[in-house]
Student: 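Okay, handing you the structure first.
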Amino acid sequence: MESDMVENNILNSEDSLSFVKQILDKELKDYKETKSGFYAGNWWINIENKEENILVQFEGDMGYNFSIYIYIDGKKFPLWQYDRKVINATETTKKNLSFQIGILKDFLISENR
């Protein structure tokens with residue numbers, strides 16, 4: 001499995017978390033980290049904008065896939081409901097993480113949420 005990770009540029013849990021934090025610090029400055037970690041191949045990070053009552057949750061698993069969920073006023077929405085293109089970008093690579101975070105950013109600054 002490790003050779004698959006290298007061949008496909010799949011990030012491990014620690015590298016995934018670090019990469020996501022770097023992008024979020026640059027791209028979503030109005031959102032503050034409330035929780036993050038990794039354990040047994042899984043990783044997670046939550047960011048929140050309390051003024052807008054929005055929480056964003058990233059979850060990655062041992063299968064080297066990840067998902068992004070948006071909670072608006074406590075109601076959960078997977079990012080793919082906003083843009084179905086993320087369904088084809090769930091492997092945990094820098095390219096896919098950047099792509100999905102770009103879509104997330106578009107959603108968060110959209111007037112039509």
Side-chain angles (χ1 to χ4, degrees):
M1 185 177 281
E2 189 170 325
S3 64
D4 290 340
M5 287 175 60
V6 173
E7 189 172 304
N8 296 322
N9 298 315
I10 295 172
L11 301 174
N12 65 33
S13 299
E14 188 174 0
D15 291 341
S16 299
L17 186 58
S18 175
F19 184 72
V20 168
K21 285 182 177 188
Q22 287 175 1
I23 295 174
L24 295 176
D25 286 346
K26 293 177 190 171
E27 299 294 327
L28 294 172
K29 294 180 182 184
D30 292 340
Y31 288 77
K32 303 299 175 208
E33 180 183 326
T34 58
K35 179 170 111 175
S36 68
F38 58 93
Y39 179 74
N42 297 304
W43 62 275
W44 58 90
I45 183 168
N46 291 359
I47 58 172
E48 185 173 18
N49 182 320
K50 289 187 180 191
E51 289 180 19
E52 296 193 31
N53 201 21
I54 296 175
L55 172 77
V56 179
Q57 181 179 55
F58 292 75
E59 295 178 350
D61 63 31
M62 292 174 51
Y64 306 107
N65 291 295
F66 73 99
S67 299
I68 300 175
Y69 301 97
I70 305 159
Y71 293 79
I72 301 172
D73 296 326
K75 188 171 179 185
K76 183 178 181 179
F77 301 95
L79 184 60
W80 64 261
Q81 282 187 332
Y82 174 69
D83 190 330
R84 296 185 70 76
K85 287 183 272 188
V86 302
I87 292 171
N88 297 317
T90 60
E91 264 191 342
T92 309
T93 64
K94 287 182 178 182
K95 179 181 176 183
N96 288 345
L97 287 164
S98 297
F99 175 72
Q100 285 207 32
I101 291 171
I103 290 173
L104 172 66
K105 183 179 177 183
D106 289 346
F107 173 80
L108 294 173
I109 61 173
S110 168
E111 298 285 327
N112 300 319
R113 326 179 252 237

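All values reported here derive from a predicted model rather than from experimental measurement.
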Student: Which residue pairs satisfy the ring pair (Phe, Tyr, Trp, His ring centres under 6.0 Å) criterion with at least one member in residues 32-60, sequence neighbours excluded?
Tutor: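 Those involving residues 32-60 do not exist here.
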Student: Between D61 and F66, is any pair of side-chain heavy atoms under 4.5 Å apart?
Tutor: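 They are not in side-chain contact.
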Student: Atom CD1 of I54 and atom CG of D30: how far apart are they, to the nearest 0.5 Å?
Tutor: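 These two atoms lie 10.5 Å from each other.
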Student: For Y69, what residues pass the side chain to side chain donor-acceptor pair (under 3.5 Å) criterion, not counting sequence neighbours?
Tutor: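 Y69: no side chain to side chain donor-acceptor pair (under 3.5 Å) contacts found.
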Student: Say you draw a straight line from CG of D25 to NZ of K32; how long is it, rounded to the nearest 0.5 Å?
Tutor: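 Here the rounded value is 8.5 Å.
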Student: Test of understanding: with salt bridge (charged side-chain N to carboxylate O under 4.0 Å, His left out), list the residues that count as partners of E59, not counting sequence neighbours.
Tutor: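 By the salt bridge (charged side-chain N to carboxylate O under 4.0 Å, His left out) rule, E59 matches no residue at all.
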Student: Same hydrophobic cluster for V20 and L55, using side-chain heavy-atom links shorter than 4.5 Å among ILVMFWY?
Tutor: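 They do not share one cluster, since no chain of ILVMFWY contacts under 4.5 Å joins V20 to L55.
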Student: Table please: side-chain donor-acceptor pairs of residues 77-90 below 3.5 Å, with sequence neighbours left out.
Tutor:
| residue | atom | partner | partner atom | Å |
| --- | --- | --- | --- | --- |
| D83 | OD1 | K85 | N | 2.9 |
| T90 | OG1 | N65 | OD1 | 3.4 |

Student: Which heavy atom in D15 sits nearest to a heavy atom in N12, and how many Å separate them?
Tutor: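 Where D15 meets N12 most closely, the heavy atoms are N-OD1, 2.8 Å.
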Student: If I take atom CG from residue N49 and atom NZ from residue K29, how far apart are they, to the nearest 0.5 angstrom?
Tutor: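 NZ of K29 is found 15.0 Å from CG of N49.
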Student: Any idea which heavy atoms bring Y64 and L11 closest together, and the distance?
Tutor: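 Closest heavy-atom pair between Y64 and L11: CD2-O, 4.0 Å.
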Student: Distance from D106 atom CG to L104 atom CG, nearest 0.5 Å?
Tutor: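 The distance works out to 9.0 Å.
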Student: Identify whether Y71 and L108 are in the same connected component of the hydrophobic contact network (ILVMFWY, side-chain heavy atoms under 4.5 Å).
Tutor: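 Different clusters.
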Student: Rounded to the nearest 0.5 Å, how far does CD1 of I109 lie from CG of L28?
Tutor: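 It is 9.0 Å, given to the nearest 0.5 Å.
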Student: Kindly write out the residues that satisfy side chain to side chain donor-acceptor pair (under 3.5 Å) with S36, not counting sequence neighbours, or none if the list is empty.
Tutor: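 Testing S36 for side chain to side chain donor-acceptor pair (under 3.5 Å), a comparison that skips the adjacent residues, returns K21, E33.
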Student: Working to the nearest 0.5 Å, report the span between CD of E91 and CG of L97.
Tutor: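 Spacing of CD (E91) from CG (L97) equals 11.0 Å.
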Student: Taking the side chain as C-beta and beyond, is there a heavy-atom pair between N46 and V56 under 4.5 Å?
Tutor: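 Heavy-atom side-chain distance check fails, nothing below 4.5 Å.
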Student: Do you know the tightest heavy-atom contact between S13 and G41?
Tutor: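 It is OG-O, 2.8 Å.
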Student: Would a 4.5 Å heavy-atom cut-off, applied to side chains only, mark I47 and T34 as touching?
Tutor: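 In short, these two side chains do not touch, never coming nearer than 4.5 Å.
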Student: Indicate the atoms forming the closest heavy-atom contact of S98 with I23, along with that distance.
Tutor: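 It is OG-CD1, 3.6 Å.
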Student: Side chains of L24 and I45, heavy atoms from C-beta outward: is any pair under 4.5 Å?
Tutor: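 Yes - at least one pair of side-chain heavy atoms lies under 4.5 Å apart.
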Student: Can you name the residues that form a salt bridge (charged side-chain N to carboxylate O under 4.0 Å, His left out) with K94, not counting sequence neighbours?
Tutor: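 None.
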Student: Do Y31 and E48 have side-chain atoms, one donor and one acceptor, less than 3.5 Å apart?
Tutor: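 Note: Y31 and E48 side chains miss the donor-acceptor criterion.
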Student: Do we see a donor-acceptor contact under 3.5 Å between the side chains of N53 and D73?
Tutor: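 There is such a pair between these side chains.
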